[in-house]
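A short worksheet on the structure shown next.
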Amino acid sequence: MRHKTQLTGWGRFPVTNSYLVRPERICDLEFKQNSLISRGLGRSYGDAALNTERDVVLMQRLNRFRSFDEKTGIIRAEAGATLEEILNVFVPRGWFLPVTPGTKQVTLGGCFAADIHGKNHHMDGTFSRYISDIEVLLAEGSKIRCSPSDNSQAFWATAGGMGLTGIITELALQLIPVETAYLCVKHLPAKNLDALLEILADGKQDDRYSVAWIDCFSQGEDLGRGVVMNGHHAKAAELPSQMHPFQIKKRTQYTIPSFFPGSLLNSYAIKGFNALYYRLQSRKQDPFFIDYDHYFYPLDAVGNWNRLYGRKGFLQYQFVVPAEGVRQVLCRVWEAVRRFRKTPFLAVLKRFGPENEGYLSFPMEGYTLAIDFPLSDAELFSLLDLLDEIVLEYGGRVYLAKDARMKPVVFKKMYPHLEEWQRVKNNLDPKQRFSSDLSRRLEITL
Amino acid sequence: MKGSSKRAILILGGTSSIARAVAIVFAEKGYPLYLASRDEEELQRISCDLEIRYRVKVSYGFFDITHFSGHRHFLQQVIQTMDGLEGVILATGFLGDQQQAIRDFGEAEKILNSNFLGACSILTHVANFLEKQRAGFIVGISSVAGDRGRQSNYIYGAAKAGLSVFLQGLRNRLYPFGVHVMTVKPGFVDTAMTFGRQNLFAVASPEFVGKGIVSSLKKGRNEIYIPGFWWGVMWMIKHTPEFIFKRLKL
């Protein structure tokens, strides 16, 4: 039954009221309303899955597996199936996700609509690279099948298209074979930004999965110190004999209550955490083994960790810039953050490989930084507007899946293929039935 | 539930959220399944999903609870296809429209046939088979609505009340033969029926209900409310004196 309720993204900002429907089966999907957007598990940070005073279709119950090919490792499933479900079923059988974001609480449809990336983009690209085809339900009720070779424009408009071309109903995902459920990981501490960038650019230190955590509070000589955490799937022969390749310890699940006061996560607490984290992670320099759950999804152990920021919520800002400008950009970003006296909690830097054919797909060759800011006051928006200008200056762009506040004029400059995307969108959805708070804010739909 | 090679479980009304949740728990434990309902397309989708996830044999077939004369043959065909039968979960049901049923007896007939008469029909065949086998179980999903007749849904309530007593009788009849019969009375469950309805409380997920049903069955429970606190709620409702209850607008 359609009903109105309060909805937010993962950052808990903005908070708006939308009409929710929750079909139990794909054949129950129907479009009576003039505007709707599909929603998975609501892990996008901003307003991508919000539709104020209009309809939001919850895809959670549409999670059936349709087929699995044991030889090729291709799993075909309804779009509401989550990465967690796929991992639970297939890791014990020796298969893993080719690309995974920092949480497994996301749906296949959401992963494709945001064209998510992981710690291995510089080697393996985005999620859409491993999708052989999708089925999309269009506004007039017809379904089309698209792939890179068939209806390819629709495919590449939907990859990273934030749900605005139609409702993705089914996808075929190529899994990768793995010999164990573990990763072999090395931590490489860097005492400052130059050392960090050097490690990231060093081919000999590189590995399939590579991510750098940066201490946001390092200053002066230490500015940009952090730890590069590189890893790869452990082969069976690499594992110590007492470890069973596919048995991993079940994690204790914690939950943050809804009333958790954000004031606990103040600048002193954050500074302290950063200093401690640097010390702890720098210690583990020899290769060690860690199960996939702990390595890829550390935050999933704390259910609703977004509540740590309190009721006001937080903004995550993620951008990418080409490699040439990264050092200057990072220094200017830090300087701006300091000037505005804002306290980011987490800063993570990754390398990106070349961009794909997705018109609105976020990654491009270079470096991407993601920072979390508790939403303290309106000044934060001015800071992020300034960061937008810096990113633009160096030819970069901002990630829509994390965005809650970017201005349309900035967005249009950052995504040069927007007009081509809009042509495909108008073909697939001439009456603009698919729209969201994000699409209206960025003025890409009415 | 015994033996290293498990016998199949038949789930009637196999496309509902509760049925699917129960099917998942049994599939996880390695039981082959037979799912039955009128929606063959959805049956195919659910059984395919279960086979991929749990690698157990999941067959399916058309079943109409109101088509009484076809029930004997249906059951025979299931037993033949699955090479035996361990137990049956009755998860069929039709809520119907109380207001319409008052004006038009056809609707009332549908409610009574789907929830009561049809259940009696198929369960009689099942009981006869399990009695001969001297092993197995029946789980009947009834409703708290059957605990007391109230003005807002007494036709559905009457059907479910009839079902509860029927199951009780079966429990008594089949006990000496080692066949267990369990009655399940769910409270509010998070399904299409309840989504978006205001004034509900403690709405349980289908997963919770599915796990609860299977674990209660293992413990040999006779009649369960799920979530458990409904036992207390219904105790109060059942024991409210009639001269008070008839004045209420529940």
Side-chain angles (χ1 to χ4, degrees), chain A residues 1-7 17-30 39 55-82 84-95 108 135 143 169-170 172-173 175, chain B residues 11 13-25 27-30 33 35 37-58 60 91 93 95 97 188-201 203-211:
Chain A
M1 195 179 93
R2 182 176 176 264
H3 73 288
K4 200 170 179 184
T5 194
Q6 216 178 58
L7 273 185
N17 287 324
S18 310
Y19 288 94
L20 282 188
V21 287
R22 191 186 64 188
E24 296 277 337
R25 302 168 303 178
I26 286 181
C27 55
D28 293 332
L29 282 166
E30 50 177 16
R39 180 184 174 101
D55 279 39
V56 171
V57 180
L58 293 181
M59 300 293 287
Q60 311 159 335
R61 295 265 163 128
L62 309 181
N63 67 341
R64 294 156 190 68
F65 289 4
R66 303 294 292 127
S67 68
F68 178 64
D69 187 328
E70 311 256 341
K71 289 195 201 71
T72 59
I74 295 183
I75 171 74
R76 181 178 289 279
E78 292 180 351
T82 65
E84 180 179 33
E85 288 176 271
I86 292 184
L87 290 166
N88 285 346
V89 172
F90 293 107
V91 172
R93 299 185 206 174
W95 298 96
L108 291 179
E135 199 178 74
K143 263 194 210 153
T169 50
E170 217 173 87
L173 171 67
L175 298 177
Chain B
I11 303 182
T15 52
S16 74
S17 312
I18 294 182
R20 194 177 163 206
V22 172
I24 285 171
V25 182
E28 253 173 345
K29 293 185 190 299
L33 302 173
L35 307 180
S37 97
R38 286 173 305 167
D39 187 347
E40 283 181 280
E41 197 196 311
E42 179 61 5
L43 282 176
Q44 192 277 331
R45 294 178 88 92
I46 293 182
S47 61
C48 189
D49 174 76
L50 289 168
E51 278 189 331
I52 296 173
R53 285 182 202 245
Y54 304 107
R55 296 198 277 201
V56 287
K57 176 179 173 188
V58 183
Y60 62 92
L95 194 55
D97 183 331
F188 298 130
V189 186
D190 189 12
T191 64
M193 232 191 256
T194 57
F195 184 73
R197 271 176 55 189
Q198 307 304 317
N199 304 324
L200 297 185
F201 58 94
V203 182
S205 70
E207 293 74 41
F208 176 83
V209 175
K211 288 192 181 120

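Below, chain A is the first sequence line, B the second, and so on; all start at residue 1.
- Listed by chain and number, the residues in a side-chain contact (heavy atoms from CB on, under 4.5 Å) with A:Ala79 are A:Met59, A:Ile168, A:Leu171 (sequence neighbours excluded).
- Taking 4.5 Å as the limit, some side-chain heavy atom of B:Phe195 sits within range of a side-chain heavy atom of A:Leu20.
- Other residues, nucleotides and ligands contribute more than 12 heavy atoms inside 6.0 Å of the CE atom of A:Met1.
- With a threshold of 4.5 angstrom between heavy atoms, A:Leu58 approaches chain B through side-chain atoms but not through N, CA, C or O.
- Remark: B:Phe208 pairs with no residue by the ring pair (Phe, Tyr, Trp, His ring centres under 6.0 Å) rule, at least two apart or across chains.
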Any idea which donor-acceptor pairs are under 3.5 Å between chain B and chain A?
residue, atom, partner, partner atom, Å
B:Ser17, OG, A:Glu24, OE1, 3.4
B:Arg20, NH1, A:Asn63, OD1, 3.3
B:Arg20, NH2, A:Asn63, OD1, 3.0
B:Asp39, OD2, A:Arg25, NH1, 2.2
B:Glu42, OE2, A:Arg64, NE, 2.9
B:Glu42, OE2, A:Arg64, NH2, 2.7
B:Gln44, OE1, A:Arg66, NH1, 3.4
B:Gln44, OE1, A:Arg66, NH2, 3.4
B:Arg45, NE, A:Glu78, OE2, 3.0
B:Arg45, NH2, A:Glu78, OE2, 3.0
B:Asp49, OD1, A:Phe65, N, 2.6
B:Ile52, O, A:Arg93, NH1, 3.1
B:Ile52, O, A:Arg93, NH2, 2.9
B:Arg53, O, A:Arg93, NH2, 2.9
B:Arg53, NH1, A:Glu85, OE2, 2.8
B:Arg53, NH2, A:Asn63, O, 2.9
B:Arg53, NH2, A:Glu85, OE2, 2.9
B:Asp190, O, A:Arg61, NH1, 2.9
B:Asp190, O, A:Arg61, NH2, 2.9
B:Asp190, OD1, A:Arg22, NH1, 3.1
B:Asp190, OD1, A:Arg22, NH2, 2.9
B:Asp190, OD2, A:Arg22, NH1, 3.1
B:Asp190, OD2, A:Arg61, NH2, 3.4
B:Ala192, N, A:Glu24, OE2, 3.3
B:Phe195, O, A:Met1, N, 3.3

